[in-house]
Amino acid sequence: MKTGLTSFELITSDLQDLGTAAKKLASHSVKLTLGFNLGTTLLQWIASVAAIYLLVLDRTNWRTNILTSLLVPYIFLSLPSLVFNLFRGQIGRWIAFIAVVLRLFFPRRFTFPEWLEMPVALILLLVIAPSLLADTVRDSWIGVAICLVIGCYLLQEHIRASGGFRNSFTKSNGISNSVGIIILLVYPVWALVVDFI
């Protein structure tokens, strides 16, 4: 009888250990999955806002000598799905339709201000992009790698236009541009690391 009781205790102990291990596995899986995805999504939002900030900054009074038109494909590739699908849907189509009609039928009376050309180009790109680019490339590591290349190129051009690394962080307009471009680099680096883990 004593051996039966010991066997029962061993089985109970083993089942408790299995239950504890299953709970830990589930807890770690949730933390790992949500932590990486939440971090990537948050960085995607921050990078998109930084790219829009740099685009607006360049189109207003803080002119730079870097190729900021590259921010349009960066925004296209890094825009969070919620906003991307909103502009890819009926809202974006209406904005693009109105912009094209005004430009086509009233070219003399309605000309886009220079600061509005890039946002209109972005909306047109969002609406007319083929689904291969809009769905496949955007949601894969290829789109993230393109964002990384654009961010590296913009940082290199900004440092060159500022007259060196030190000047890019000491001039009054250099600090905001440098911080914005570095934020552009954080999202693709993080997304590639998470993608390959």
Tell me the closest heavy-atom pair linking L71 and L55, and the distance in Å.
CD1-N, 3.6 Å

Please check: side-chain N/O of S48 versus main-chain N/O of S78, any donor-acceptor pairing under 3.5 Å?
yes

Given L126 and F76, is the side chain to side chain contact (heavy atoms under 4.5 Å, CB included) satisfied, shown in steps?
CA-CA 7 Å; L126 288 172; F76 174 81; 3.5 Å; yes

Using every non-hydrogen atom in the two residues, find where L79 and Q44 come nearest and quote the distance to one decimal.
O-NE2, 3.7 Å

Heavy-atom closest contact (S81 atom, R138 atom, distance)
N-NH2, 4.3 Å

Membership question, hydrophobic clusters at under 4.5 Å side-chain separation (ILVMFWY): are V144 and V149 in the same one?
no

Minimal non-hydrogen separation, S178 against H158, with atom names:
OG-NE2, 2.8 Å

Rounded distance [0.5 Å steps], CG in L125 versus CE in M118:
11.5 Å

For V137, does its backbone N or O pair with a side-chain atom of S140 as donor and acceptor, under 3.5 Å?
yes

I182 with L154, same ILVMFWY side-chain cluster at under 4.5 Å:
yes

Under the rule for salt bridge (charged side-chain N to carboxylate O under 4.0 Å, His left out), what residues qualify as partners of R160, not counting sequence neighbours?
E157

Which heavy-atom pair separates S69 from P73 by the least distance, and what is that distance?
O-CD, 3.3 Å

Side-chain contact test, heavy atoms from C-beta onward, threshold under 4.5 Å: evaluate it for L184 versus L54 and give yes or no.
yes

Compare every heavy atom of I123 with every heavy atom of A96, then report the nearest pair and how far apart it is.
N-CG2, 4.2 Å

Would you sort out whether I150 and I146 count as a side chain to side chain contact (heavy atoms under 4.5 Å, CB included), showing the intermediate values?
CA-CA 6 Å; I150 290 172; I146 292 170; 3.9 Å; yes

Check: L82 and L86 side chains under 4.5 Å, non-hydrogen atoms:
no

Spacing of CZ belonging to R88 relative to CD1 belonging to I128, to within rounding of 0.5 Å:
9.5 Å

Could you tell me if the side chain of V127 sits less than 4.5 Å from the side chain of F97, heavy atoms only?
no

Any C152 side-chain heavy atom under 4.5 Å of L185 side chain
yes

d(Y53 OH, I183 CD1) to nearest 0.5 Å is 9.0 Å

Stepwise side chain to side chain contact (heavy atoms under 4.5 Å, CB included) check, V186 with I46
CA-CA 9 Å; V186 172; I46 292 170; over 6 Å; no

Taken to the nearest 0.5 Å, the spacing of F84 CZ from L77 CG works out to 8.5 Å

Is there a path of hydrophobic side-chain contacts, each under 4.5 Å between heavy atoms of I/L/V/M/F/W/Y residues, joining I75 to L133?
yes

Between Y187 and L148, is there a side-chain heavy-atom distance shorter than 4.5 Å?
no

Please assess D14 against L18 for the test side chain to side chain contact (heavy atoms under 4.5 Å, CB included), listing each intermediate value before the final yes or no.
CA-CA 6 Å; D14 288 344; L18 280 174; 5.6 Å; no

Test item: Y153 side-chain N/O and L70 main-chain N/O as donor-acceptor pair under 3.5 Å:
no

